[in-house]
Structures are given as C-alpha cells and as structure tokens.
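Structure first, commentary second.
Just so you know, these numbers come straight off a predicted model, no measurement behind them.
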Amino acid sequence: MRTVGILGGMGPEATVLLMQRLLAAVPARDDADHIPLIVHQNPGVPSRIKRLIEGVGDDPGPVLAQMARDLDMAGAKALAMPCNTAHAFAPQIMAATALPFLDMRVATVAALPRGRIGMLASPAVRLTGAFDAAFAEAGMVPVWPEDEGPVLALIRRVKAGDSGPGAMQAMVGLAVQMAGQCDHLLVACTELSLVTGAVDVPFTDSLDCLVAAIRDFARS
C-alpha cells in the first residue's frame with residue numbers, strides 16, 4: 001500500500017481520531033494490513049480561527065507548506081489534512097510539493113446526498129466559501145445556523161480538552177436545532193467529530209469522507 005502523509009495537529013485529538021477511524025476502516029488480520037502513515041502532528045500551526053475569523057495572527061500557509069515538504073521528503077506518496085478550516089490554505093500546500101492532495105472537501109461533497117445541507121462547522125468555513133463552488137456544481141444548498149456563536153464555543157471547548165458528556169449533549173442540541181431546517185446534516189469540523197457519539201439524526205462527517213479517500217488511495 002502507498003504511504004499517506006498527514007498534516008496534523010489541528011487539533012491534535014482530531015488527528016488521533018483520524019488514525020483511529022483509519023484503523024477501523026481496514027479489515028486487517030495483522031499489522032501489515034493497515035495503511036502506512038507519516039503523521040506530522042504540529043500543534044504549532046498558527047490559529048486558523050484568529051487568521052480567518054478575527055483577521056489577526058500569523059499566516060498558517062507557510063507553516064503548512066513546510067509541513068507538506070517535510071512529509072514529501074519523509075516518503076509520503078500523497079497528503080491529507082484532517083481540518084476543514086485549514087483547507088483555506090490548500091493552494092499553498094499544493095504549491096509546495098508535487099504530491100497529490102486528498103482534498104477533504106471534494107471527498108465530502110461526493111459522499112453527500114443532494115438537497116439542503118445543514119452546516120455544523122467553524123464560521124471560517126463559511127467565511128472562506130470552502131464548500132460553495134462544489135455545492136453549487138452538485139446542486140446542493142448550504143444552510144448555516146442563524147447564530148454561529150454556540151458552534152464556535154463548542155469547537156473551542158473541545159480544543160480545550162472537553163469532549164465529555166456535556167460537550168456531546170451540546171452537540172446533540174446543535175444537531176437537533178439544525179435538522180429541522182435542512183435535508184441532511186454535515187459535520188465539517190474535525191473538533192466536532194470528537195463529540196458526535198450521541199447524535200441520532202442523519203449526518204455525514206467530513207472526517208469519515210477523508211478516511212475513505214485515504215483508504216482508497218493507499219490501497220489502489
């Protein structure tokens with residue numbers, strides 16, 4: 001199988017969750033059956049929220065570009081990044097190396113049903129139009145919460161290390177609130193992926209879509 005390089009650390013737990021889901025996605029009988037990964041777990045990537053939402057802070061692009069070059073030199077055959085918001089800097093990553101970039105957004109749109117899609121994501125995903133072009137081409141309409149404050153607060157709560165029962169119930173509340181306004185929910189923040197365990201309305205998790213893309217590339 002081909003080795004995939006992971007631009008990680010955004011956040012660290014979400015990167016670990018990606019690896020756990022990759023392990024679960026492979027019907028392995030022994031160690032050698034699993035997907036080889038090179039993980040660049042870099043929690044020092046400048047804050048995407050500060051840069052994209054607040055308009056302050058350092059540009060994460062150059063750091064992500066250097067991470068891509070590091071993974072290339074380490075032997076990766078493709079790159080993947082378990083952070084929807086950081087895909088705003090995908091052009092800088094792709095310009096840094098000739099390796100294919102397994103775009104989480106592309107994988108997610110391909111897996112979604114058509115219709116009105118309720119977005120549970122960082123406000124930065126909306127502000128950067130991360131899914132706009134792909135949604136329009138596929139005939140899907142994003143539906144955003146009227147008040148994105150609770151979503152951002154939950155993302156920050158998870159980043160601070162709280163993914164326990166209280167955070168999970170907060171996620172349930174957000175999901176139920178959005179479900180009445182759309183045809184299907186999309187969890188498009190990998191911090192929120194950590195607290196979907198109690199959600200009982202239909203949803204697609206962009207992290208699962210990236211897992212499938214990594215698995216398919218590695219095993220092709």
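- Looking at V201 and L185, their side chains come closer than 4.5 Å, going by heavy atoms from C-beta outward.
- F203 has its side chain within reach of T196: a pair of non-hydrogen atoms, C-beta onward, lies under 4.5 Å apart.
- Nearest heavy-atom pair across M19 and L37 is CG-CD1, 3.9 Å.
- Put simply, V109 and M104 are part of two different groups of oily side chains (I, L, V, M, F, W, Y) that touch within less than 4.5 Å, one to the next.
- Closest non-hydrogen pair, S122 versus C189, comes out as N-CB, 4.2 Å.
- Side chain of R48 to backbone of P46: a donor-acceptor contact under 3.5 angstrom is found.
- Using a 4.5 Å heavy-atom cutoff, the side chains of P12 and Q41 are in contact.
- Side chain of T97 to backbone of A68: no donor-acceptor contact under 3.5 angstrom is found.
- The aromatic ring centroids of F131 and H87 lie 6.0 Å or more from each other.
- Checking side-chain atoms of E148 against main-chain N and O of P123 turns up no donor-acceptor pair under 3.5 Å.
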Return a table of donor-acceptor pairs under 3.5 angstrom between the side chains of residues 51-60 and protein atoms on other chains or two or more places apart.
from: R51; atom 1: NH1; to: G57; atom 2: O; distance (Å): 2.8
from: E54; atom 1: OE2; to: R156; atom 2: NH2; distance (Å): 3.0
from: D59; atom 1: OD1; to: G61; atom 2: N; distance (Å): 2.8

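- There is a path of hydrophobic side-chain contacts, each under 4.5 Å, that joins V125 to L112.
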- [ ] Evaluate side-chain contact (heavy atoms from CB on, under 4.5 Å) for L120 paired with W144, printing each intermediate quantity in order.
- [x] CA-CA 7 Å; L120 291 173; W144 296 92; over 6 Å; no
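- More than 12 heavy atoms of other residues, nucleotides or ligands lie within 6.0 Å of NZ in K159, so this atom counts as buried by the packing criterion.
- With contacts defined as side-chain heavy-atom distances shorter than 4.5 Å, the pair M119/R126 does not qualify.
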- [ ] Given side-chain contact (heavy atoms from CB on, under 4.5 Å), test M81 with M10 step by step and report yes or no.
- [x] CA-CA 9 Å; M81 182 168 59; M10 303 168 281; 3.7 Å; yes
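- No side-chain heavy atom of R114 sits less than 4.5 Å from a side-chain heavy atom of I117.
- Distance check: M1 CE to R215 CZ gives 11.5 Å after rounding to the nearest 0.5 Å.
- Under the 3.5 Å distance criterion, the side-chain polar atoms of E191 are matched with a main-chain donor or acceptor of G11.
- A side chain to side chain contact (heavy atoms under 4.5 Å, CB included) with I6 is found for exactly one of L102, L79, L210, L18, namely L18.
- Hydrophobic clustering (side-chain heavy atoms under 4.5 Å, transitive across Ile, Leu, Val, Met, Phe, Trp, Tyr) groups V151 together with V172.
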Open item on the list: Evaluate M168 against S163 for side-chain contact (heavy atoms from CB on, under 4.5 Å), listing each step before the verdict.
Closed with: CA-CA 7 Å; M168 288 193 176; S163 56; 5.8 Å; no
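- Two residues are said to be in side-chain contact when any heavy atoms from C-beta on lie closer than 4.5 Å; R69 and M73 fail this criterion.
- Using a 4.0 Å cut-off between a side-chain N of Lys or Arg and a carboxylate O of Asp or Glu, D183 and R116 do not qualify as a salt bridge.
- When each of D205, V16, I214 is checked for a side chain to side chain contact (heavy atoms under 4.5 Å, CB included) with R21, only D205 meets the rule.
- Nearest heavy-atom pair, P82 versus L207, reported as atom, atom and distance to 0.1 Å: CB-CD1, 3.9 Å.
- One finds the NZ atom of K77 at 7.5 Å from the OG1 atom of T3 (value rounded to the nearest 0.5 Å).
- Of all heavy-atom pairs between A76 and V4, the closest is CB-C, 4.3 Å.
- No single ILVMFWY cluster, assembled from side-chain heavy atoms under 4.5 Å apart, contains both V39 and V63.
- When atom types are taken as modelled, the side chain of T15 and the backbone of G9 share a donor-acceptor pair closer than 3.5 angstrom.
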Please tabulate, for the side chains in residues 23-34, all donor-acceptor contacts under 3.5 angstrom to protein atoms that are two or more places apart in sequence or on a different chain.
from: D33; atom 1: OD2; to: R29; atom 2: N; distance (Å): 2.7
from: D33; atom 1: OD2; to: D30; atom 2: N; distance (Å): 2.9

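- A side chain to side chain contact (heavy atoms under 4.5 Å, CB included) with I93 holds for exactly one of D103, L71, L7; it is L7.
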Open item on the list: Go through it in stages, so that I can follow the logic: the residues are T108 and R105, the test is side-chain contact (heavy atoms from CB on, under 4.5 Å), and I'd like the CA-CA distance, side-chain angles, deciding distance and then a yes or no.
Closed with: CA-CA 5 Å; T108 297; R105 300 164 299 181; 5.7 Å; no
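- Side-chain atoms of F135 and L186, non-hydrogen and from C-beta on, do get closer than 4.5 Å to each other.
- For the pair I38/D70, no side-chain contact is recorded, criterion being any heavy-atom separation below 4.5 Å from C-beta on.
- Residues A198 and Q169 come closest through the heavy atom pair CB-NE2, 4.1 Å.
- Cluster annotation: F217 is connected to I35 through the hydrophobic network of ILVMFWY side chains, with a link wherever side-chain heavy atoms come within less than 4.5 Å.
- Closest approach of A124 to T85, counting heavy atoms only: CB-CG2, 3.6 Å.
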